[in-house]
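Right, one structure below, let's go through it.
Counting convention: from 1, in listed order, for ligands and their atoms alike. Because the structure is predicted, anything quoted here is derived from the model rather than measured. Basis for what follows: all heavy atoms, side chains included, without hydrogens, waters or symmetry-related copies.
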Amino acid sequence: MASVQPPPAPLAPHRPSITAALRFYSPAVSPRVSPSPAARSRRLAVAARAMPWPHVLTVAGSDSGAGAGIQADIKACAALGAYCSSVITAVTAQNTVGVQGVHAVPEEFVGEQLRSVLSDMSVDVVKTGMLPSAGIVKVLCESLRKFPVKALVVDPVMVSTSGDTLSGPSTLTTYRDELFPMADIVTPNVKEASKLLGDVSLQTISDMRSAAESIYKLGPKYVLVKGGDMPDSTDAIDVFFDGKEFIELRGLRIKTRNTHGTGCTLASCIAAELAKGASMLHAVEAAKKFVESALYHSKDLVIGNGPQGPFDHLFSLKSPLYKMGSLHKFNPDDLFLYAVTDSGMNKKWGRSIEDAVKAAIEGGATIVQLREKDAETREFLEAAKTCVEICRSSGVPLLINDRIDVALACNADGVHVGQSDMPAWEVRELLGPGKIIGVSCKTPAQAEQAWKDGADYIGCGGVFPTTTKANNPTLGFEGLRTVCFASKLPVVAIGGINARNAGSVMELGLPNLKGVAVVSALFDRECVATETRSLRSILMNACSRS
Ligand SMILES: Cc1ncc(COP(=O)(O)OP(=O)(O)O)c(N)n1
Ligand SMILES: Cc1nc(C(=O)O)sc1CCOP(=O)(O)O
Ligand SMILES: [Mg+2]
């Protein structure tokens, strides 16, 4: 057996620049004298610490079909920029039809693989998948006690998606008694959560919350109960529990047969994000987004003849939108000063849409919506394409009002729709998971529906009377308050907001209220940049007071 090296020193606390790090790799002073092996490995060790590569070790089974297991884990980590080493616990004969055979790796050899990797390779996060016997769970726990890592992600794989058993009942007790107390997060689906808790019935979100709480009591720091298998649900809701608060994380249910390996991938993505330094909630959110995007981009792939196909983890290498880096990840804080254009007002003041957008950005608008009700389609599309370039070069998201076709054609960051426009869930189907969708809502029920439909934010108004939108009911502060309290999505207030009243809106300090959306107070004015700048400073002052 190869001799075991002592564990390497911990990672350096900061990353020097790449050029500084590369200097460690430069040849020895005299190019004729090759460095001794000891000197070379010293230099490599210094360089490795200078350029840490987030490292996930997956301890899981091999899937010969490569949709799930070790193969999915390595692809997921690679896609998210983490290095992934692997300790194989079992070899399965598996395809898109199901699992035809399982051959567990002897415990001692699982232990040997663990020792090899953990003793040498600066693992940040361990992620577990299929652990086919209680003995293997015990070997893993012993190894982790000997070689501690920053985080442990436990995906309690027990039954494959095709319904085949992947670990026996004796493993359950060891999971509960030994592995869970060491785990940072445990990620069962409803079937696994039910098994872990003695076959309790889990039918509703409230059952999922109770299950998350019971599993939390077994020792992990966080629990994510995945609701993708819940009966009769059109949207996939997962319950995240940190010991105090339950957070319902809504996901899109993408219609595809290619869902084999989603659980392994989600847990690996959580591990990769943790290895990169994310907080647990952010890691889970990023992982969900990744799985959703991968499923969306793979929905029509055909591999194998069975009912469950694999999906493409490396979709970003193919999708031109991802390649160009043009998808704007939604940040609710972008709603702070939301500039909504109006073709009539711009014409009145003799400026183009493009100039209006440039001026709003110059003044500090944090998101822009093109609301061009009277523009001809072709003219609008050309202007929209230029505005996309202007906004992208400033890092400001650009949304299109009402017109999904224009948004798609100009590759905008998203759209805003109202109650009489295309329903948000249809918009999501057309735009995919990476785009921003806003929905106008005047009631808590509309806000709930927008959340279910996969929107990213809601616009709520009219807070004050407005002449910009005909027949628009005024909700006042009370209406805004009711919607903000009920909303599960970030809210932007709209309607009659200007320099005189914007401060009072933000000073309400309402939950979920992230900013104000304004049309006439910016665009029905001579100098858009000046008005935007002054509104921005009013908002900032109001926020610092409330
Ligand atoms: C941010 C924001 N909120 C609300 C609206 C209004 O949308 P909608 O109700 O569809 O009305 P129109 O703007 O289409 O007239 C909005 N555009 N932006
Ligand atoms: C486009 C729009 N939507 C509203 C809503 O209540 O949903 S009010 C509105 C017009 C907002 O324009 P101004 O800032 O000029 O009042
Ligand atoms: Mg509309």
Side-chain angles (χ1 to χ4, degrees), residues 330 332-346 348-349 356 360 365-375 380 396-407 412-424 426-427 436-443 446-447 449-450 453 455-484 487 489-502 504-505 512-525 528 531-532 534-535 538-539:
F330 179 60
D333 293 334
D334 287 341
L335 298 174
F336 186 62
L337 175 42
Y338 190 147
V340 182
T341 69
D342 180 293
S343 46
M345 293 175 196
N346 286 330
K348 175 175 156 193
W349 291 95
T366 53
I367 188 166
V368 173
Q369 179 191 135
L370 301 187
R371 181 175 178 271
E372 300 295 316
K373 292 285 185 186
D374 311 317
F380 183 22
V396 171
L398 180 92
L399 310 190
I400 305 290
N401 179 269
D402 295 348
R403 299 285 302 267
I404 319 304
D405 54 344
V406 173
D413 296 300
V415 297
H416 186 95
V417 287
Q419 295 297 322
S420 51
D421 299 317
M422 186 183 287
E426 300 240 31
V427 179
I436 303 169
I437 299 178
V439 180
S440 308
C441 298
K442 295 190 188 298
T443 65
Q446 289 172 353
Q449 190 59 47
D453 285 352
D456 294 294
Y457 75 88
I458 61 169
C460 181
V463 180
F464 304 105
T466 177
T467 50
T468 305
K469 184 171 165 60
N471 308 318
N472 189 51
T474 301
L475 301 183
F477 284 170
E478 261 327 294
L480 177 66
R481 186 191 305 275
T482 310
V483 172
C484 283
S487 179
L489 292 172
V491 182
V492 62
I494 190 168
I497 296 175
N498 56 40
R500 288 184 307 280
N501 59 27
S504 63
V505 177
N512 301 308
L513 184 63
K514 296 290 179 183
V516 296
V518 181
V519 186
S520 53
L522 301 184
F523 295 104
D524 202 4
R525 299 285 189 279
V528 175
E531 301 300 335
T532 314
S534 119
L535 189 58
I538 288 166
L539 291 173

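- With no hydrogens or angles considered, no side-chain donor-acceptor pair links Gln419 and Ser440 at under 3.5 Å.
- Restricting Asp402 to its N, O or S atoms, the one at the least distance from the Mg ion (ligand 3) is OD1.
- Summary of contacts: the protein heavy atom closest to atom 18 (N) of ligand 1 is Gln369 NE2, 3.0 Å.
- Distances between N or O atoms of Tyr457 and those of ligand 1 include no value under 3.5 Å.
- Checking only distances, Gln419 never comes within under 3.5 Å of ligand 1, N or O to N or O.
- Every atom of ligand 2 is numbered from 1 in the order shown, and the set under 4.0 Å from a heavy atom of Ser520 is 13 (P), 14 (O), 15 (O).
- Distance from atom 11 (O) of ligand 1 to its nearest protein heavy atom, with residue and atom name: Lys469 NZ, 3.0 Å.
- Interface atoms of ligand 1 facing Gly459, defined by a heavy-atom separation under 4.0 Å, are 3 (N).
- Here the heavy atom of the protein found nearest to atom 7 (O) of ligand 1 is Ser440 OG, 2.7 Å.
- Applying the 4.0 Å criterion to heavy atoms of Lys442 picks out, from ligand 2, the atoms 5 (C), 6 (O), 7 (O).
- Residue-ligand proximity, Ile494 to ligand 1, at heavy-atom distances under 4.0 Å covers atoms 2 (C), 3 (N), 4 (C), 18 (N).
- Close contacts of ligand 2 with Gly462, meaning ligand atoms under 4.0 Å from a residue heavy atom, involve 6 (O).
- Assignment of Val340 to the shell around ligand 1 is not supported, since no heavy atom sits closer than 4.0 Å.
- Contact analysis puts Lys373 in contact with ligand 1, with a non-hydrogen atom separation below 4.0 angstrom.
- Only the side chain of Arg371 comes within 4.0 Å of ligand 1, counting heavy atoms alone; its backbone N, CA, C and O stay farther away.
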